[in-house]
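In what follows, residues are counted from 1 in the order of the sequence shown.
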Amino acid sequence: MKKIAIYLMVSFAISSVSLANNLILGTPTISGSTLTFTIKWDNSWKVTDGPANWDAVWIFVKRQTCVAGTVNPWIHATLDASGQSVTGSELQVDNVTDNAGVFVRRSTNGIGNITQATVTLTLASAIGGDNIRVFGMEMVNVPTGDFYIGDGGYSQSGNTVFGNSTNQPVQITSATTSLTKAQYGNQNQYGSSVTLPSTYPFGYNRFYCMKYEITSAQYLGFLNSLTYDQQLHKQQDMNWNTTPPTSAAGTVFFNYANVKIKIKTPGISTTSLTPAVYACDANNNGVYDEDCDGLGFPIPLRQEHWLTYLEWAALRPMTEFEYEKACRGPLIPVLGEKAWGTEDIAQFQYISTTYGCSSETQTYFALGLCNYQTGRMHRAGSAASSITDRVHAGATYYGILDMTGSTYERCVGGWNYDYSTYTTANGDGNINSNGSCGMTIWNNMQYMNRGGSAQNGQSIQVSVRNYNNDPGYGNINAGRGVRSF
Ligand SMILES: [Ca+2]
Ligand SMILES: [Ca+2]
Ligand SMILES: [Ca+2]
C-alpha cells in the first residue's frame, strides 16, 4: 500500500524583518518519477542591501520500498540532475551537486509571504509502489565574504575567546587557508593540535544555516522514519529512559525542559519489523501532537543523536568559525556581544495561555530577548514578532534565530585535539542500519558549546568558548546544521 506523507519540519519564525513563518508543503501527487506539491511560507526575504542574503526551504525526500516480511528502511531519495522546478516567477529551485535535495528560494528581491507555488521534483528512479515522505526546513543563506572572529576579549573570569594571542579579533578572508591554534585562540588548551588546512571550513565561503535549532517536530519526523532496530539504538544509548519501542502507548520516551515525547503506537519486537510511532504531548493530556504540545520546541539532544539527525537530513555540523560569522556577519566585533550584536540581554517570560502552542510569542518587549536560564524550552523563534528588529528579535546579522540561548549550539572545535580532517562534506542522508551516525570523522570530532542555553548562561557571548565537549543533553545541548556546496 502506498502511503504519502508530508512533514512540516518547522513552521514558525522570522526573517530579518520577523514574524512566524508557517512553512506548509501540500500533499504530493506522484507520476512516474516525479512528485508535485504546493509550498507556502511566511516572511520570506531576498535583499541586496544589509545582509545581502535570502532565506530558503531545504526540501528532501525519503522513500520506502514495501516488501512483505522484511525490514523496510526509509532511504534518502536521490534526485535527478534535472527536472526540478517551481511555478511562477517569484521563486526558483537551486539544485545541489549531490542531488540530496533542493533549495527553494526567492529569485528576485522582496520581503513577505510566499502564498502559493507548486514544486515538481524528479527522483533519480521511478517511484513505483514506494512510500514517499517529503521534508522541508527553513534555512538562511550566509554569503561568501570576510568576517571577524573574536570580540576583543570578554573578560569574564576563566573564559577564553576567539581572537589572536592578545585577544584581538582576527579577520577571516579568502587568504585564510591555514591557521594555527595560537592564531585563533588565547588559551593553549583549546583548538586544533595541528595546523588547520585549507579544507577546514573557516567560514569565508557561503553556506546555508538552519534558521532555527532542531525542533521536536523535526526530531519526531526523524524518529518516525527509523526502523525498529534504529529506534532501539536511539533509546538504548540515549538513556532518555529505559523505554524500548515496544513500550505501551502513552509511555513517556523523553521528558526534559518541558519537551515531552511519548510512544503513540508501540512497535513489535518479535519480528523487529514494525517500528514505534512517537508523538509530542507537552501538555500531558494523552492527546498527541496538538497545537500546544510543544512541536515547535527545540529539542535537547545527545551529541551522537544530533550528529545522526544531521547526517539523515543531509546537513553537517558548523565550525566555531562559521558560528561567529552566522552571528556577526561582516560587522566590526562588539565587546561582549550576543548573537544580535549588542551586550543587551533579557530573559524570556512564561505565558501560560500560549506556552508550547504555535501561537507562542513573547509579549515582553526587551532588547536582547532570549531563552537563557529559564530551564524550559520555548517555541523556536518566539522572540520575533511584527514589531521586532534584530536586537528585539534576538536575530543574527543574517536573520538566524536563537543563536544565543535556547539550546547550546554545538560547533566543531574544543579541547586541544586534531580537527584537521573535518571538511565541508555534507551527510549523505542515510544513517547506519543500527541507528548510529555513519560519518566517522564527525563521530571523532569534539564540539564546543556556543551561545548559552535555557539551562545555563555559560559562554553566552558570541566569542566566548569555555564550555567544551558535553556529549549529553542535560545542559540543553543540541544545535542545528549547515550545508555547504
Ligand atoms: Ca496533548
Ligand atoms: Ca541556541
Ligand atoms: Ca551515511
Side-chain angles (χ1 to χ4, degrees), residues 10 13-18 21 43-58 92 94 96-97 101-106 109 111 137-151 162 169-174 176 184 200-214 310 313-333 337-341 380-381 384 390 393-404 409-413 422-427 450-451 462-463 479-485:
V10 143
I14 102 169
S15 70
S16 46
V17 285
S18 56
N21 277 0
N43 301 292
S44 167
W45 77 90
K46 181 177 188 295
V47 295
T48 47
D49 56 353
N53 74 332
W54 57 80
D55 74 331
V57 179
W58 170 235
Q92 68 183 62
D94 293 342
V96 293
T97 53
V102 294
F103 287 97
V104 175
R105 65 174 177 99
R106 282 180 179 269
N109 284 356
I111 297 174
M137 68 168 72
E138 291 170 64
M139 299 188 77
V140 173
N141 182 56
V142 176
T144 297
D146 298 351
F147 68 102
Y148 290 93
I149 60 166
D151 68 359
F162 253 23
V170 173
Q171 192 175 31
I172 304 297
T173 72
S174 60
T176 306
Y184 67 91
Y200 191 79
F202 289 116
Y204 173 80
N205 294 323
R206 72 176 278 232
F207 56 93
Y208 271 108
C209 178
M210 286 174 67
K211 196 184 287 180
Y212 316 103
E213 298 156 344
I214 299 164
L310 295 186
L315 303 176
R316 68 169 175 85
M318 66 180 134
T319 66
E320 290 188 274
F321 295 86
E322 291 169 320
Y323 172 76
E324 294 219 7
K325 184 183 185 183
C327 289
R328 182 181 290 123
L331 301 180
I332 300 296
E337 68 186 303
K338 317 302 188 301
W340 42 88
R390 178 184 170 192
T396 76
Y397 179 80
Y398 295 111
I400 302 165
L401 275 301
D402 302 325
M403 287 284 262
T404 296
E409 310 289 340
R410 285 197 180 95
C411 301
V412 179
Y422 186 71
T423 70
T424 58
N426 301 302
R450 290 294 201 107
V462 169
S463 291
R480 67 185 88 204
V482 299
R483 186 167 235 274
S484 280
F485 297 87

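By the 4.5 Å heavy-atom criterion applied to side chains, Y208 and V140 are not counted as neighbours. Using a 4.5 Å cut-off on side-chain heavy atoms (C-beta onward), S463 and E324 make contact. T319 has its side chain out of reach of F202: every pair of non-hydrogen atoms, C-beta onward, lies at least 4.5 Å apart. Side-chain contact between V142 and V482 is absent, with no heavy-atom pair separated by less than 4.5 Å. Considering only heavy atoms from C-beta on, V170 stays 4.5 Å or farther from Y184 through its side chain. In this structure the side chain of D402 reaches within 4.5 angstrom of the side chain of R480, judged on heavy atoms. Using a 4.5 Å heavy-atom threshold, the side chains of D55 and N43 count as separate.
Residues A384 and L401 approach most closely at CB-CD1, 4.4 Å, considering heavy atoms. Closest heavy-atom contact between E320 and G413: OE1-CA, 3.7 Å. Between M139 and M210 the shortest heavy-atom distance is CE-N, 3.6 Å. Across Y323 and V462, no two heavy atoms sit closer than the pair CE2-O, 3.6 Å. Annotation for K211 and G399: closest pair CG-O, 3.9 Å, computed over non-hydrogen atoms. Nearest heavy atom pair, residue N426 against residue A314, reads CB-O, 3.8 Å.
Distance CD1/I111 to CH2/W54: 14.5 Å, rounded to 0.5 Å.
Applying the side-chain hydrogen bond (donor to acceptor under 3.5 Å, both in side chains) test to S484 and every residue at least two apart in sequence or in another chain returns R316. T48 is linked by a side-chain hydrogen bond (donor to acceptor under 3.5 Å, both in side chains) to N109, counting only residues two or more places apart in sequence or in another chain. Checked against salt bridge (charged side-chain N to carboxylate O under 4.0 Å, His left out), R410 has no partners two or more places apart in sequence or in another chain. Shown here are the ring pair (Phe, Tyr, Trp, His ring centres under 6.0 Å) partners of F147, two or more places apart in sequence or in another chain: there are none. Judged as a side-chain hydrogen bond (donor to acceptor under 3.5 Å, both in side chains), and not counting sequence neighbours, N205 has no contacts. The ring pair (Phe, Tyr, Trp, His ring centres under 6.0 Å) check on F207 picks up nothing, with sequence neighbours excluded.
Residue Y397 forms a side chain to side chain contact (heavy atoms under 4.5 Å, CB included) with just one option from K325, R328, R390, and that option is R390. Each of K338, R450, E409 was compared with T404 under the side chain to side chain contact (heavy atoms under 4.5 Å, CB included) criterion, and only K338 meets it.
Put simply, the side chain of W58 gets close to the backbone of A313: a donor and an acceptor are under 3.5 Å apart. Side-chain N or O atoms of Y422 include one that pairs as donor or acceptor with a backbone N or O of P317 at under 3.5 Å.
Between F103 and F485, the ring planes are tilted. Angles from 30° to 60° get that label.
Heavy atoms of other residues, nucleotides or ligands lying less than 6.0 angstrom from OH of Y200 number more than 12.
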Test side-chain contact (heavy atoms from CB on, under 4.5 Å) applied to M403 and Y398, step by step:
CA-CA 11 Å; M403 287 284 262; Y398 295 111; over 6 Å; no
Candidate pair V47 and N53, rule side-chain contact (heavy atoms from CB on, under 4.5 Å), full reasoning
CA-CA 6 Å; V47 295; N53 74 332; 4.2 Å; yes
